[in-house]
Engineer: 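Structure incoming, see below.
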2 protein chains.
Amino acid sequence: MTEPAFLVLTALVDRPRHGYGIVQEVEKLSEGRMRLKVGTLYGVLDRLAADELVSLDREEVLQGRLRRYYRLTEHGVRALDAEAARLAENVRSARDRLRDRHAEGTA
Amino acid sequence: MTEPAFLVLTALVDRPRHGYGIVQEVEKLSEGRMRLKVGTLYGVLDRLAADELVSLDREEVLQGRLRRYYRLTEHGVRALDAEAARLAENVRSARDRLRDRHAEGTA
DNA sequence: CCCGATATCCTGCTTTCCGATATATCCTGG
DNA sequence: CCAGGATATATCGGAAAGCAGGATATCGGG
């Protein structure tokens, strides 16, 4: 799973959101570090929908502007959980090794 | 930074390794989960070298076979450390949200 | 004697990223 | 009253990246 896909899934965990809302939520949850590009978003959303990790929740027309809401599927929840575990393992092994490297210099 | 790049840097933390050795080390440190493709490796190595996160350590000819060793630069160590922190943040926010989602169902 | 492991590298296909652009509405400030 | 920023979706095309496959070459085991 790519990083933008991971962030989109994370943004959808608490409730369905529309495209622009996802962009804002990703920026918020990453404390401004990640700014999801709209050019990236729709491609990611299409791929996630094709894989059935997200699905179209509903469409609203608010003040003449279309809002298309996506929600996380149960499959999506499991995929996000598995990916988080996988990334955590990568982080752990990198940190273990970095710690050993510095410990050697100290010893 | 892409995931293969992250894994290559991790594999080089403890000592310089040559291409094929990196492939094996990545497979070992990920407990068989990640199998780095050779077609991916050399492109990654070139990019990391261009960014000065790794550098050519030495070349050996062992039993008629060339071995080209790469080592992590100090810049590479810092980049790996920063990337690990960034990924850890992504994992943390995903897990926080997943926990809340399940807590709601429980409450 | 062939095959798997070891070892590097290139080519080309596919996927993905993302800047740019297009379209359209609403609100605020000047 | 109008310019510009925020809100909102979508597409195009270039660039970057991933990766399967194949070329090339040695060594050891069955």
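In the text below, chain A, chain B and the rest are named by the order of the sequence lines, each starting its count at 1. What you see below is based on every heavy atom in this structure, not just the backbone, and it leaves out hydrogens, waters and symmetry mates.
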Engineer: Name the closest nucleotide to the A:R47 side chain, picking from C:dT16, D:dG18, C:dT6.
Structural biologist: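 In terms of side-chain proximity for A:R47, the closest of C:dT16, D:dG18, C:dT6 is C:dT16.
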Engineer: Quick check on contacts: within residues 5-35 of chain B, what sits under 4.0 Å from DNA chain D by heavy-atom distance?
Structural biologist: none
Engineer: Calculate the interatomic distance between B:K37 atom NZ and D:dG22 atom C1'; express it in whole Å.
Structural biologist: 17 Å
Engineer: Assign each of A:D46 and A:L66 to its nearest nucleotide of DNA chain D by heavy atoms, then name whichever residue's nucleotide is nearer the 5' end.
Structural biologist: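 Its nearest nucleotide being more 5', the pick is A:L66.
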Engineer: Let's go through B:D51 and B:R47 carefully: what are the C-alpha distance in whole Å and the side-chain angles of both, what is the deciding distance for salt bridge (charged side-chain N to carboxylate O under 4.0 Å, His left out) to 0.1 Å, and is it a yes or a no?
Structural biologist: CA-CA 6 Å; B:D51 293 343; B:R47 271 170 254 138; over 6 Å; no
Engineer: Would you name the heavy atoms of B:F6 and B:E83 that are closest together and state the gap between them?
Structural biologist: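 Looking at all heavy atoms of both residues, the shortest contact is CD1-CG, 3.5 Å.
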Engineer: Tell me: OH of B:Y69 to C1' of C:dT8, nearest whole Å?
Structural biologist: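 The distance from OH of B:Y69 to C1' of C:dT8 comes to 13 Å, rounded to the nearest Å.
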Engineer: Looking only at non-hydrogen atoms, find the nearest pair between A:G76 and A:L9 and report the distance.
Structural biologist: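 That would be O-CD1, 4.2 Å.
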Engineer: Taking any heavy-atom pair under 4.0 Å as a contact, classify B:T40: base, sugar-phosphate, or nothing.
Structural biologist: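 It contacts base atoms.
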Engineer: Please check the phosphate of D:dA16 (OP1 and OP2 only) for any side-chain N or O of B:T2 closer than 4.0 Å.
Structural biologist: no
Engineer: Does A:V61 sit in a hydrophobic cluster with other residues, and if so which ones, taking ILVMFWY side chains as linked at heavy-atom separations under 4.5 Å, directly or through other members?
Structural biologist: A:L66
Engineer: In this structure, how many angstroms lie between the P atom of C:dT15 and the CG atom of A:D51, rounded?
Structural biologist: 12 Å
Engineer: How many Å lie between CG on B:L48 and P on D:dA16, as a whole number?
Structural biologist: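 These atoms are roughly 16 Å apart.
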Engineer: Which residues pass the ring pair (Phe, Tyr, Trp, His ring centres under 6.0 Å) test with B:Y69, not counting sequence neighbours?
Structural biologist: B:H18
Engineer: How long is the line joining CG of B:L41 and P of D:dA17, in whole Å?
Structural biologist: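 B:L41 atom CG is separated from D:dA17 atom P by 15 Å.
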Engineer: Can you check the B:E3 CD to C:dT15 P distance for me, whole Å?
Structural biologist: 19 Å
Engineer: Would you kindly compare A:R67 and B:P4 by the position of their nearest DNA chain D nucleotide and give the one closer to the 5′ end?
Structural biologist: A:R67
Engineer: Between atom OH in A:Y42 and atom C1' in D:dC12, what is the gap in whole Å?
Structural biologist: 15 Å
Engineer: Minimum heavy-atom separation for B:R58 to B:P16, with atom names?
Structural biologist: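 Nearest pair, atom of B:R58 first, then B:P16: NH1-CB, 4.2 Å.
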Engineer: Just how far, in rounded Å, is C1' of C:dT8 from CD of B:E59?
Structural biologist: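 Answer to the nearest Å: 11 Å.
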Engineer: Whether the side chain of B:R17 engages the backbone of B:E25 through a donor-acceptor N/O pair (distance < 3.5 Å, no angle test) should be reported.
Structural biologist: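 Answer holds: no.
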